[in-house]
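Each remark here refers to the structure printed beneath this line.
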Amino acid sequence: VYAERMRRVAASAIMELIKTTAGGSYISFASGLPDPSLFPSEALRECADAVLSSASAPALQYGPAEGYPPLREAVAALLSRRGLETNADQVLITSGSQQALDLAGRALLDPNDGVAIESPSYLAALQIFDSLQARYHAVEVDGEGPLPTHLTVALSHRPKLLYLLPNFQNPTGTTMSLGRRQAAAEQAASAGVAVLEDDAYHDLRYDGEPLAPVAALAENPWAIYTGTFSKTIAPGVRVGYLRADRRLIERLAHLKQITDLQAGSLAQRIVFEYLTRGHLEPGIERFREVYRRRRDLMLGALQEHLRGAATWTRPAGGMFIWVTLPAEDAERVLEGAMRRGVLFVPGSTFHVDRTGGRGRNTLRLNFVSPTEDQIQQGIPLLAEAIRETQG
Ligand SMILES: Cc1ncc(COP(=O)(O)O)c(C=O)c1O
C-alpha cells in the first residue's frame with residue numbers, strides 16, 4: 001500500500017536510541033538538543049503577551065505563505081549583516097529550517113537525481129534526500145570541510161544539488177575554510193549546480209570571526225541558504241527561514257502552501273517581537289558563554305582521559321565533537337558505555353551508506369545538552385569503555 005518513497009523512510013538510529021533509553025538515568029552525549037535551561041521563557045512570555053494584547057486577531061488568523069512581512073524584513077536585515085545581501089522578497093519563513101531543507105529538496109529533486117553531499121552529514125537532511133530517492137555523490141571531509149578533489153569529482157557527475165554545512169558541521173563540528181567556500185561556490189555556479197547551504201549553527205560561534213556564507217561568494221541563481229531561530233531562541237517555536245532568488249521563493253511558497261499553508265502566525269509574531277525588543281543578541285551571548293565553557297570542559301576531559309587512545313575535532317562553534325578511534329569499534333564502545341550509563345551516537349549513522357560500514361571508528365558527542373557535572377563524570381566513563389575495547 002505504501003508509496004515507493006516510503007521504502008527509504010525509517011526512524012533514525014538517534015531517535016531509536018533516545019526512545020529505548022528514555023526513563024533510564026543515562027548521561028547523554030547522544031542528543032541533538034540545546035540546553036532547555038537556556039530557553040528565554042520569560043522574554044518569550046512577555047512577547048507573547050504583547051502580541052496577544054495588541055494584535056490577537058492577525059496573530060491567530062491565517063497569514064501569507066511567504067511569512068509575516070515584518071519578519072521577512074527582519075530576517076533579510078539579519079542575513080545582510082552576515083554578509084549575504086538580502087531583500088525581504090528573497091526570504092521564505094518556514095516551520096523550522098528542517099522544512100526549508102525539505103521544500104528545497106522537493107522542489108528540485110526527481111527520483112535518481114544526484115546530490116553531492118559531505119559524508120558524514122546531517123542525518124535529517126540525509127533522510128529528506130533518501131525519501132526523495134536521491135543518488136548520492138559522497139564528498140569526504142577533513143578539518144577544513146569537504147575535500148576539494150572529492151568535490152570536483154562529485155560535481156563532475158552533474159548532480160542537481162550540492163548540500164553543504166559550512167559552519168560547525170553536524171556531526172563533525174568542522175568549519176569550511178574561506179578558500180574552500182570560495183572554490184565550492186564558484187565550481188557549483190559554473191557547473192550549474194544548485195547549492196543548498198544549511199547554516200543552522202551560524203550564531204553559535206565560540207572562537208574567531210564569522211566567515212562569509214557560500215551563497216555570498218558566487219553569483220548562482222540556484223543558491224539556497226537556510227537558517228533558524230531554533231538554536232538562538234528555542235526549537236519549539238519552530239521558526240526558520242530560507243533565502244533564495246525571488247522567483248525561486250515564489251515557487252517554494254506554492255509548495256509550502258501545499259504542505260502547511262504557512263508557518264504559524266503567532267510564533268512568527270512572537271519571534272518578530274523578540275527581535276524588535278533587542279533580545280536576540282544578549283540571548284545568543286548567553287548560549288555562547290555556557291556552550292563555550294562546556295566545549296572547553298569536554299575537550300579538556302577528552303585530553304585528560306583519552307590522549308593516545310583516540311583523536312577528536314576542536315569545533316569553533318556548534319554543538320558537537322567528533323571522536324575518531326584507531327579501530328572500527330564504535331558499536332562495541334556504545335555497549336560498554338551504556339553499561340556505564342553513558343550514551344553517544346556511533347558515527348556510521350551519519351554516512352550516506354549508513355549500513356555500508358563507513359565511520360565505524362567514529363562517534364558524535366553533543367557537548368551542549370549535558371551539564372558540566374555530567375561532562376566531568378561521563379567522559380572518564382566513556383574513556384573506560386573505549387580503552388576496554390582496545391584491550
Ligand atoms: C544542521 C542542522 N540543520 C537543520 C536543523 C533543523 O533545525 P530546525 O528545524 O529546528 O530549524 C538542525 C537541527 O538540529 C541541524 O542540526
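Atoms within a ligand are numbered from 1 in the order they appear, just like the ligands themselves. Both backbone and side-chain heavy atoms feed into the values below; hydrogens, waters and symmetry mates do not. It should be emphasised that the depicted structure is a prediction, and the values quoted were computed from it without experimental measurement.
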Can you tell me which residue and heavy atom of the protein come closest to atom 5 (C) of ligand 1, and the distance to 0.1 Å? Y122 OH, 3.2 Å
For atom 3 (N) of ligand 1, find the nearest protein heavy atom and state the residue, atom name and distance (0.1 Å precision). D198 OD2, 2.7 Å
With heavy-atom distances below 4.5 Å as the criterion, would you say the side chains of R288 and T232 are in contact? no
Considering only the protein, which heavy-atom contact is closest to atom 7 (O) of ligand 1, and what is its distance? S97 OG, 3.6 Å
Can you classify the ring geometry of F272 versus Y68 as parallel (below 30°), tilted (30 to 60°) or perpendicular (above 60°)? perpendicular
Going by heavy atoms, is R238 under 4.0 Å from ligand 1? yes
Quick one: look up the protein heavy atom nearest atom 10 (O) of ligand 1 and list residue, atom name and how far away it is. S230 OG, 2.6 Å
Look up atom CG in L266 and atom CD in Q61, then write down how far apart they are to the nearest 0.5 Å. 12.5 Å
Just which atoms of ligand 1 are under 4.0 Å from any heavy atom in T228? 8 (P), 11 (O)
Once you measure the plane-to-plane angle for H279 and Y274, does it fall in the parallel (<30°), tilted (30-60°) or perpendicular (>60°) bin? tilted
If you measure from CE on M319 to CG on L33, what distance do you get to the nearest 0.5 Å? 7.0 Å
Protein contact to atom 16 (O) of ligand 1 [nearest heavy atom, distance to 0.1 Å]: Y201 OH, 2.6 Å
Enumerate the atoms of ligand 1 whose separation from the nearest heavy atom of A200 is less than 4.0 angstrom. 2 (C), 3 (N), 4 (C)
Numbering the atoms of ligand 1 from 1, which are under 4.0 Å from a heavy atom of L165? 1 (C)
For the atom pair OG1 (T174) and CG (D142), what is the distance rounded to the nearest 0.5 Å? 8.0 Å
Considering the heavy atoms of G96, write down every atom of ligand 1 situated less than 4.0 Å from one of them. 9 (O), 11 (O)
Just distances here: any N/O of S95 and N/O of ligand 1 closer than 3.5 Å? no
Give the residue and atom name of whichever protein heavy atom lies nearest to atom 14 (O) of ligand 1, and the separation in Å to one decimal. K231 NZ, 2.8 Å
For E388 and V333, indicate whether the former's side chain and the latter's backbone hold a donor-acceptor pair under 3.5 Å. no
Roughly how far, to the nearest 0.5 Å, is the CG atom of L78 from the CG atom of L280? 6.5 Å
